[in-house]
Amino acid sequence: MRVEIPSHCRHPWDVTPEEARAIQVRLAARVREEPLDRAVATVAGLDMGVRRERGRAVAVVLAVPSLSLVESAVWEGPIHFPYVPGLLSFREVPGLLRALERLHTEPDLLFTDSQGRAHPRRLGLASHLGVLLDRPTIGVAKARLCGQPQGELPELRGAWVPLVDRGQVIGAAVRTRPGAKPVYVSVGHRITLAEAVEWTLRCTTHYRLPEPTRLADRLSRSSGR
DNA sequence: GCGACAG
DNA sequence: ATCTTGTCGC
C-alpha cells in the first residue's frame with residue numbers, strides 16, 4: 001500500500017524518551033474519533049516479533065466477511081528503541097510501516113496488537129500508526145495500560161464495559177470469548193469506539209483475539225527464525 | 001516514596 | 001515481547 005507520511009506528521013524515530021513523549025502529545029491532537037467513512041472489504045493485521053535486537057514486522061490482509069487470507073508482507077531488520085511502557089510505537093512503528101508499504105492491497109481497516117487512545121497521552125501504537133497513515137485503525141490489546149474498567153464484565157461473548165481514565169472514556173474491556181480474559185479495545189484513528197468494538201467482534205471467531213491480529217502474530221514469531 | 005506498566 | 005516444562009481445567 002501507499003505509505004506517504006504527511007509533512008505535518010513526520011518526525012525522527014531516533015529520539016530520547018523525553019522527545020518521544022513530546023511528539024506523542026503533538027500527534028495525539030490529530031487523532032480523529034469519527035464514524036468510518038468507507039465500506040470495509042479488507043482488514044489488515046499488524047504485529048512484530050523481536051529477538052535480541054532484530055525485529056520481524058508482519059502485515060496480513062484478510063477479506064471481509066470471509067476472513068480468508070488475501071496477502072501478507074514481511075520486513076526484518078534491526079530494532080534500536082528499547083521497550084518502554086508508553087513508548088511502544090517508537091519501537092515497532094518504523095518496521096510496521098516498511099511491511100505495510102510492501103503490501104499490494106490498500107486495507108480499509110487496520111488492526112493492531114496494542115492500545116489506541118487508551119494511553120497516558122492518548123497516543124498508543126494504534127493511534128500513532130493511524131495518524132501517520134491517516135487511515136482507520138483499531139487497537140486491540142491483551143492487557144491494560146491505563147484506565148479502569150467500569151463495573152463487572154458479563155461472561156457473555158460480546159459484552160463490554162467502558163474503560164475510563166481521568167474522567168474520560170478511552171476504550172472498552174470486551175469479552176470476545178466466554179471464560180477468557182477480556183481484550184482492551186480502543187480507537188486508533190478515524191473510527192468510533194462503538195464501531196471499533198463491533199469490528200473487533202466481527203473479526204473474532206474461535207479465539208480470544210481477532211483473526212487479523214492472530215495471523216500476524218503467528219507469522220511474526222514462527223518460521224524463518 | 002510506592003505501585004503500575006501495551007509489547 | 002522472549003525464555004521455557006509441566007500442569008490444571010473444560
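Keep in mind that what you see is a predicted model, and the values were worked out from it rather than measured. In what follows, every chain begins at residue 1, and chains take the letters A, B, ... in the order their sequences are listed.
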Table of protein N/O atoms under 3.5 Å from nucleotides 4-10 of chain C N/O atoms:
none

Separation of C/dT2 P from A/Glu53 CD (nearest whole Å):
14 Å
Which of B/dA6, C/dA1, C/dT2 is nearest the side chain of A/Arg51? It is C/dT2
Donor on one side chain, acceptor on other, A/Thr192 and A/Glu34, under 3.5 Å
no
Looking at every strand, decide which applies to A/Gly86 at a 4.0 Å heavy-atom threshold: base, sugar-phosphate, or nothing.
base
If you look at every heavy atom in A/Arg135 and A/Arg190, which pair is closest and at what distance?
N-CD, 4.3 Å
Sorted by chain and number, sequence neighbours left out, ring-ring contact (aromatic ring centres under 6.0 Å, His included) with A/His128 holds for A/His11, A/Trp13, A/Phe90
Going by salt bridge (charged side-chain N to carboxylate O under 4.0 Å, His left out), name the pairs with one or both residues in residues 161-183 of chain A, residues two or more places apart or in two chains.
A/Arg122-A/Asp165, A/Glu155-A/Arg175
Interatomic distance where CG belongs to A/Leu46 and C1' belongs to B/dG7 [whole Å]:
14 Å
Please report the shortest heavy-atom distance between A/Ser127 and A/Val187, naming the atom on each side.
OG-O, 3.3 Å
I'd like to know if the side chain of A/Thr204 and the backbone of A/Thr200 have a donor-acceptor N/O pair within less than 3.5 Å.
yes
Check this one for me: any side-chain N or O of A/Tyr83 less than 4.0 Å away from OP1 or OP2 of B/dA6?
yes
With the side chain defined as heavy atoms from C-beta on, A/Arg144 is closest, among B/dA6, B/dC5, C/dA1, to B/dC5
For atom CG of A/Leu123 and atom P of B/dA6, their distance in whole Å:
16 Å
Go ahead and write out DNA chain C as dot-bracket, 5' to 3': ( ) for pairs within the strand, [ ] for ones crossing earlier pairs, | when the partner sits on another strand, dots for unpaired; Watson-Crick or G-U wobble, both distances under 3.5 Å.
..........
Whole-Å distance, A/Leu125 CG to B/dC5 C1', equals 16 Å
Parsed dot-bracket for DNA chain B after applying the Watson-Crick and G-U rules with both distances under 3.5 Å and | for other-strand partners is .......
May I ask you to verify if any side-chain N or O of A/Lys142 is less than 4.0 angstrom from the OP1 or OP2 atom of B/dG7?
yes
How many whole angstroms separate atom CZ of A/Phe90 from atom C1' of C/dA1?
19 Å
Quick check: does any side chain N or O of A/Asp47 sit under 3.5 Å from a backbone N or O of A/Ala216, one acting as donor and the other as acceptor?
no
Modelled atom types, side-chain donor and acceptor of A/Asp134 and A/His189, under 3.5 Å:
yes
May I have the distance from A/Met48 (atom CE) to C/dA1 (atom C1'), rounded to whole angstrom?
11 Å
A/Arg218 has an atom CZ; how far is it from atom C1' of B/dG7, in whole Å?
20 Å
Has the side chain of A/Arg157 got a donor or acceptor atom that lies under 3.5 Å from a matching backbone atom of A/Leu201?
yes
Sorted by first residue and then second, give each salt bridge (charged side-chain N to carboxylate O under 4.0 Å, His left out) pair with at least one member in residues 196-213 of chain A; sequence neighbours left out.
A/Glu198-A/Arg202, A/Glu211-A/Arg214
Measure from the side-chain N and O atoms of A/Ser114 to the backbone N and O of A/Ala126, and report whether any donor-acceptor pair falls under 3.5 Å.
yes
How close do A/Ile23 and A/Pro12 get, heavy atom to heavy atom, and via which atoms?
CD1-O, 4.2 Å
So what does A/Leu87 touch, heavy atoms closer than 4.0 Å: a base, only the sugar-phosphate, or nothing?
base
To the nearest Å, how far apart are A/Phe81 CZ and B/dA6 P?
15 Å
